[in-house]
Amino acid sequence: MPGPRYDLPDMARNFLSVDDLSASELAELLELSEKVKTSPSDYAQRLAGLSVAMIFEKPSTRTRVSFEVAIAEVGAHPLALSSSELQLGRGETIEDTGRVLSRYVDAIVLRTFGQERLEALARTATVPVVNALSDFEHPCQCLADLLTINEKKGRLARLTVAYVGDGNNVAHSLLLGGAKAGMHLRVATPFGYEPIPQVIRRAEEIGKDTGGSAMITHDPEQAVTGADVLYTDVWASMGQEEEATERTLVFQPYRLDEFAVERAAKDAIVMHCLPAHRGQEITDGVIDGPQSVVWDQAENRLHTQKALLLWLLREV
Ligand code: CP
Ligand code: NVA
């Protein structure tokens, strides 16, 4: 087994942001994901005897189930915990939760609101902490997205990805991960719903090294024209339920419909992290159409998360 790969071997390596990975580490992780997907039995007992706790402060279908199955399929024991069942729901701090869980488990996966909660957990946990979605990023989703694009297109670098909709957590991770993979990102949002400037600047900076780029526009047609990948996500994310009605009005032009697919490259693929709000950000015809890869994309959460845990726990 190779030794620790980090400069500070006594520190737990976390995955709070796509930006926690260098471009070469991201490529390495995607390569491992392919191996794990092709030969799952080779990895079946790699994490035998370990336990992984997952804490959900927001609902989840894909992340919860794919992590639970992924953990079990590499031989470890998953604990899926909702914050309402924990003392966390009664006021115990995330820091103290991190201190205590680190005495029992080998990694902690957290879905939460503010990114600062993940950072607080990572400061006190002595085991790796994984961001299973925050308001700021959804890095595990990005791994599956990139694996899927690579499978369908045979490469990542120089492809154009058009993301149409809200400049949210999924858009942030796609900007950072896509730029690391040398892709050209075009993000079309309504005024006032752009990705945060810090993420845009960081994606541009990454692109200078990798040949990737990030372009933000308010014109969805400009974004989708000739694109190799079309991507969208819900208009109102978890925690924004009160804004849903207003957002439904503002976001009307920012959907993946038959017109958008028509404007994209002939062999463009259509992606959505799911859950989809059919008839809002994506039409039935597009999500169920021949160019949609959303179910393969959802499956790839399983394979990339297995690879992520193997990599974080240094069992590869
Ligand atoms: N894409 C995704 O993270 O889905 P869930 O919210 O169901 O986990
Ligand atoms: N942006 C969405 C992603 C769901 C997987 C949300 O945060 O609700």
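Each residue takes its place number in the sequence, starting with 1. Note that the coordinates shown come from a computational prediction; the quantities given were computed from them, not determined experimentally. As the structure lists them, so they are numbered: ligands from 1, and atoms in each ligand from 1.
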Heavy-atom distances under 4.0 Å decide this one: backbone, side chain, both or neither, for [X] against ligand 2?
X: D166; result: neither
X: V234; result: side chain
X: D135; result: neither

TODO: Go through ligand 1 atom by atom and flag the ones less than 4.0 Å from a non-hydrogen atom of C273.
DONE: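 Taking each heavy atom of C273 in turn, ligand 1 has 1 (N) under 4.0 Å.
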TODO: Could you tell me which atoms of ligand 1, counted from 1 in the order shown, lie closer than 4.0 angstrom to a heavy atom of R301?
DONE: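 Atoms satisfying the 4.0 Å criterion: 1 (N), 2 (C), 3 (O).
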Among all protein non-hydrogen atoms, which one is nearest to [atom], and what is the separation to 0.1 Å?
atom: atom 8 (O) of ligand 2; result: M238 N, 2.8 Å
atom: atom 3 (C) of ligand 2; result: D233 OD2, 3.6 Å
atom: atom 7 (O) of ligand 1; result: T61 N, 2.7 Å
atom: atom 3 (O) of ligand 1; result: H138 NE2, 2.8 Å
atom: atom 4 (O) of ligand 1; result: R62 NE, 2.8 Å
atom: atom 7 (O) of ligand 2; result: N169 ND2, 2.8 Å
atom: atom 6 (O) of ligand 1; result: R111 NH1, 2.8 Å
atom: atom 4 (C) of ligand 2; result: L133 CD1, 3.8 Å

TODO: Would you check the N or O atoms of L274, main chain and side chain alike, for any that come under 3.5 Å of an N or O of ligand 1?
DONE: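 Such a contact does occur with ligand 1.
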Open item on the list: Residue-level breakdown please: for L133 versus ligand 1, do any non-hydrogen atoms fall below 4.0 Å on the side chain, on the backbone, on both, or on neither?
Closed with: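 No part of L133 comes within reach of ligand 1.
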- [ ] Give a yes or no on this: more than 12 heavy atoms of other residues, nucleotides or ligands lie within 6.0 Å of atom CD of E258.
- [x]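 Yes.
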Open item on the list: For E299 and H303, which I'm curious about, is there any donor-acceptor pair between the side chains at under 3.5 Å?
Closed with: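 Yes, because at least one side-chain N or O of E299 sits under 3.5 Å from a partner of the opposite role on H303.
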- [ ] Kindly identify the option in A171, C273, P275, S237 whose heavy atom sits closest to atom 6 (C) of ligand 2.
- [x]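 Closest candidate by heavy-atom distance is S237.
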- [ ] Check whether any side-chain heavy atom of W235 lies under 4.5 Å from a side-chain heavy atom of Q252, and answer yes or no.
- [x]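 A side-chain contact exists here, since the closest heavy-atom pair is under 4.5 Å.
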Open item on the list: Please report whether the ring centroid of Y193 lies less than 6.0 Å from that of F251.
Closed with: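 Yes; Y193 has its ring centre under 6.0 Å from that of F251.
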Open item on the list: Assess whether a salt bridge exists between D20 and R13, defined as any Lys/Arg side-chain N lying under 4.0 Å from an Asp/Glu carboxylate O.
Closed with: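 The answer is no: the pair does not qualify as a salt bridge.
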Open item on the list: If hydrophobic clusters are built from ILVMFWY residues whose side chains come within less than 4.5 Å, do V187 and I269 share one?
Closed with: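 V187 and I269: one cluster.
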